[in-house]
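Below is one structure, written out as structure tokens; the observations come after it.
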Amino acid sequence: MRILVVLEHDERGLRLASRCALTLAREAAACSDGELELLVMGYEIGFVAQEAAAYAPVYCADLPGLQHCTADRAAKVIADAARDCGAGLVMGASTSWGKDCVGRAGGLLGGAMATDVTACAMRDGILAWRRAMFAGGVGAWIALEGDPLIVTVLPSAFDPAEPGGEAGEVTQMEVEEATLPNQIRFESAGTKSGGRPDVTEAAIVVSGGRAIRNSDDYERLIGGLADQMGAGTGSSRALVDAGITPNELQVGQTGKIVAPDLYLAIGISGAVQHLAGMKNSKVVAAINSDPEAPIFEFADYGLVGDAYEIIPELIATLSDDG
Amino acid sequence: MKILVPSKRVPDPDQRIRIAASGHAIEKDDLPFVLNPFDAISIEEALRIRDENRAGEDEGEVVVVGIGGAAYEKELRTAMAMGADRALLVECETAPDPWNVARILQAVVEREQPALVLMGKQAVDDDSNQVGQFLAALLDWPQATFASKIEFDAGRVRVTRETDMGIETVSMELPAVITADLRLNEPRYASLPAIMKAKRKPVDRIDCADLGIAIEPRVRILEMEPLVSKRTCVQVSSGTELLARLRDEVGVL
Ligand SMILES: Cc1cc2nc3c(=O)[nH]c(=O)nc-3n(C[C@H](O)[C@H](O)[C@H](O)COP(=O)(O)OP(=O)(O)OC[C@H]3O[C@@H](n4cnc5c(N)ncnc54)[C@H](O)[C@@H]3O)c2cc1C
Ligand SMILES: Nc1ncnc2c1ncn2[C@@H]1O[C@H](COP(=O)(O)O)[C@@H](O)[C@H]1O
């Protein structure tokens with residue numbers, strides 16, 4: 001079976017999320033006797049295609065009309081590439097771009113799709129996929145029926161793939177600018193706030209919940225501690241709802257799903273919807289004034305106390321050490 | 001402008017989910033259901049677009065549509081109590097998978113001819129996050145997923161989107177599909193008189209087969225496992241001890 005993996009990139013190269021998706025793609029290839037082909041799209045992305053070629057053969061769609069690649073165009077390129085190479089499986093990362101664009105491509109390709117997949121296995125001769133449902137309350141193994149299958153991979157469930165295996169050539173896809181759909185006009189994109197690592201990519205995430213009373217406190221306490229640890233920051237939905245943190249910092253069922261080496265939950269109660277986003281972190285530490293807070297059940301280390309007293313202390317200790 | 005709002009009935013997110021003995025489904029007996037929270041956000045936005053006359057047209061209609069069993073009527077009435085004008089129920093024995101929901105919605109769109117389909121980014125039971133994208137692809141309409149702001153301007157709709165990178169703005173011609181993210185608005189609660197009034201509003205029932213749709217199953221559940229915590233929590237007594245343990249025992253700092 002041919003497996004087409006759609007890769008995302010930024011100005012530095014392949015996104016980490018896509019390399020994590022490649023890890024599951026390799027597992028899927030191994031258990032289904034499949035071969036990987038990669039797809040990169042954008043404008044002036046020769047360097048991305050070269051980087052991708054270290055993993056497998058690459059289709060490259062490189063033209064001005066794909067610069068800010070909207071879902072109508074991306075989905076068409078993905079669907080065309082899938083048909084051209086006779087893919088039986090199309091994979092991508094479960095990022096906001098992947099959900100938007102690979103999702104739409106899934107609609108063009110017949111809708112046999114699973115999102116946020118965390119494992120695959122052969123079960124009774126069919127390829128089965130594991131994904132969470134009901135805010136992570138249930139882990140399900142599912143089978144997809146149709147051709148091709150479309151799968152988006154939960155990046156935090158995998159380590160990023162390293163180059164190797166069958167390195168490949170780069171084939172330029174013939175896409176005519178004039179045949180691209182023109183339904184969605186890209187207008188602008190804001191740049192990400194602050195210089196901290198992305199919550200989905202950081203090795204350590206310091207996350208704050210309703211205990212934090214305003215944005216100044218969030219920046220001083222959560223941000224301040226994160227900076228001492230070289231960490232990214234996250235938050236519960238309570239703070240997003242209150243306008244204290246931006247949406248892209250929300251960890252949970254309806255936000256980001258993360259699995260850093262250390263997740264430090266501060267003043268977060270541990271609602272299932274929040275747990276859904278962080279319970280697979282390697283180590284979880286929680287600070288909460290309520291000894292009965294459910295988060296402690298899902299933590300390796302717990303400290304009962306007032307965040308407003310403990311965090312300044314932690315920041316002071318770390319800055320003395322550093 | 002006519003706005004169609006697909007709305008799903010989902011288990012109350014505050015309830016604990018138990019897996020049925022078959023291991024293929026959840027235990028539904030005694031489980032309270034609610035309108036999918038993201039669909040409540042879509043309904044709220046559709047009502048505001050209608051009532052503020054945001055699209056610059058005097059006539060506005062908000063039509064909700066549910067696809068599933070007869071029990072859906074309760075959530076559709078909740079939507080009408082919030083202020084939706086009409087409700088459609090496409091009756092299917094079980095809620096179909098996202099591909100079939102999208103195919104049914106496509107047929108409903110062809111009947112109803114809305115200028116906008118406004119729906120949730122995800123149903124919080126299966127967390128698929130697929131139907132909006134599928135529907136836009138099937139209709140060959142533009143899409144804007146994860147919307148946090150919707151504005152109209154000379155026949156176009158401009159949508160602010162929540163992405164991994166922050167905020168993005170796109171614009172599209174109508175008709176279009178938009179999926180709602182959390183910050184789009186805060187849905188209203190229906191007042192008691194509105195709830196009473198909604199009891200008398202019609203819910204039009206359509207049989208799935210009358211739409212010319214034969215279900216094409218795409219997703220089969222093989223096995224379900226419950227979530228269990230594998231951790232045991234070590235209580236530490238101070239911040240210094242926490243840092244020391246993280247450093248010495250786990251080596252993460
Ligand atoms: C459909 C749906 C989807 C959702 N998706 C998400 C999601 O993706 N992510 C998410 O996070 N939530 C989500 N939620 C919301 C979730 O159910 C909880 O409401 C939310 O996670 C609570 O946030 P919190 O823990 O910060 O606040 P609370 O539950 O209010 O907890 C605050 C905690 O802080 C502690 N505290 C208070 N003061 C202090 C102090 N001074 N020092 C130390 N501790 C203190 C308290 O003891 C308490 O445990 C969703 C809800 C629904 C219905
Ligand atoms: N059975 C259904 N009936 C009506 N609308 C649905 C149904 N299933 C999904 N939807 C719509 O599709 C959105 C996304 O759902 P999903 O792709 O399943 O996560 C939901 O927020 C609803 O607006």
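Sequence lines set the chain letters: A, B, ... in the order given, protein chains first and strands last, and positions in each chain run from 1. Please read all numbers here as calculations on a predicted model, not as lab measurements.
- Looking at Arg73(A), neither its backbone nor its side chain comes within 4.5 Å of chain B, counting heavy atoms on both sides.
- Residue contact with chain B, scored on non-hydrogen atoms closer than 4.5 Å, involves the backbone and the side chain of Val284(A) alike.
- No side-chain donor-acceptor contact under 3.5 Å links Glu216(B) to the backbone of Gly146(A).
- Asn182(A) does not touch chain B: none of its heavy atoms, backbone or side chain, sits under 4.5 Å away.
- Electrostatic pairing of Glu187(A) and Arg156(B) does not count as a salt bridge here, judged by no charged N lying under 4.0 Å from a carboxylate O.
- Between Lys121(B) and Asp100(A) there is no salt bridge, since no side-chain N of the basic residue sits under 4.0 Å from a carboxylate O of the acidic one.
- For residues 292-309 of chain A, the salt bridge (Lys or Arg N to Asp or Glu O under 4.0 Å) pairs, not counting sequence neighbours, are Asp300(A)-Arg231(B).
- Both the backbone and the side chain of Leu314(A) come within contact range of chain B, judged by heavy atoms closer than 4.5 Å.
- In this structure, no portion of Val102(A) lies under 4.5 Å from any heavy atom of chain B.
- With respect to chain A, the highest number of heavy-atom pairs below 4.5 Å among Arg103(B), Lys230(B), Arg161(B), Glu241(B) belongs to Arg161(B).
- For chain B, the nearby part of Lys282(A) is the backbone; its heavy atoms alone come within less than 4.5 Å.
- Of the possible donor and acceptor atoms, none in the side chain of Gln183(A) sits under 3.5 Å from a partner among the backbone N and O of Met172(B).
- Judged by distance alone, with hydrogens and angles left aside, the side-chain atoms of Asp164(B) form a donor-acceptor pair with the main-chain N or O of Ser96(A) at under 3.5 Å.
- No salt bridge links Arg185(A) with Glu173(B); every basic N to acidic carboxylate O contact stays at or beyond 4.0 Å.
- Heavy-atom distances place the backbone of Asn280(A), and not its side chain, under 4.5 Å from chain B.
- If you measure heavy-atom distances from Met229(A) to chain B, the contacts under 4.5 Å come from the side chain alone.
- Most heavy-atom pairs under 4.5 Å with chain B: of the set Ala79(A), Ala286(A), Gly139(A), this distinction falls to Gly139(A).
- Using non-hydrogen atoms only and a strict 4.5 Å limit, the part of residues 114-122 of chain A facing chain B consists of Ala114(A), Thr115(A), Asp116(A).
- The OG1 atom of Thr152(A) sits 8.5 Å away from atom CG of Asn129(B), with the distance rounded to the nearest 0.5 Å.
- Looking at Ala132(A), only its backbone comes within 4.5 Å of chain B, counting heavy atoms on both sides.
- Contacts between Ile126(A) and chain B at a heavy-atom distance below 4.5 Å involve the side chain alone, from C-beta outward.
- Ranked by heavy-atom pairs under 4.5 Å with chain A, the first of Ala136(B), Ala102(B), Ser171(B) is Ser171(B).
- Counting heavy-atom pairs closer than 4.5 Å to chain B, the top residue among Tyr301(A), Phe186(A), Trp129(A), Phe296(A) is Tyr301(A).
- A search for side chain to side chain contact (heavy atoms under 4.5 Å, CB included) contacts involving Glu151(B) returns Lys149(B), Arg158(B), not counting sequence neighbours.
- Residue with the most contacts toward chain A among Val10(B), Val228(B), Thr163(B), Leu135(B): Thr163(B) (heavy-atom pairs, distance under 4.5 Å).
- Looking at Ala135(A), only its backbone comes within 4.5 Å of chain B, counting heavy atoms on both sides.
- Interface residue Ile287(A): only side-chain heavy atoms are found under 4.5 Å from chain B.
- Here the side chains of Trp141(A) and Ile221(B) are not in contact, with every heavy-atom distance at 4.5 Å or above.
- With respect to chain B, the highest number of heavy-atom pairs below 4.5 Å among Gly136(A), Ala276(A), Gly111(A) belongs to Gly111(A).
- In terms of modelled atom types and a separation under 3.5 Å, the side chain of Gln273(A) and the main chain of Pro13(B) share a donor-acceptor contact.
- Here Ser188(A) is the residue among Ala112(A), Gly106(A), Ala140(A), Ser188(A) with the most heavy-atom pairs under 4.5 Å with chain B.
- Using a 4.5 Å heavy-atom cut-off against chain A, the contacting residues of residues 34-42 of chain B are Phe38(B).
- Considering only heavy-atom pairs separated by less than 4.5 Å from chain B, the leading option among Asp72(A), Ile310(A), Thr95(A) is Thr95(A).
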Exercise for the section: Begin from the C-alpha positions of Arg130(A) and Glu223(B) and carry the test salt bridge (Lys or Arg N to Asp or Glu O under 4.0 Å) through to its verdict. Expected result: CA-CA 9 Å; Arg130(A) 195 180 152 89; Glu223(B) 190 190 332; over 6 Å; no
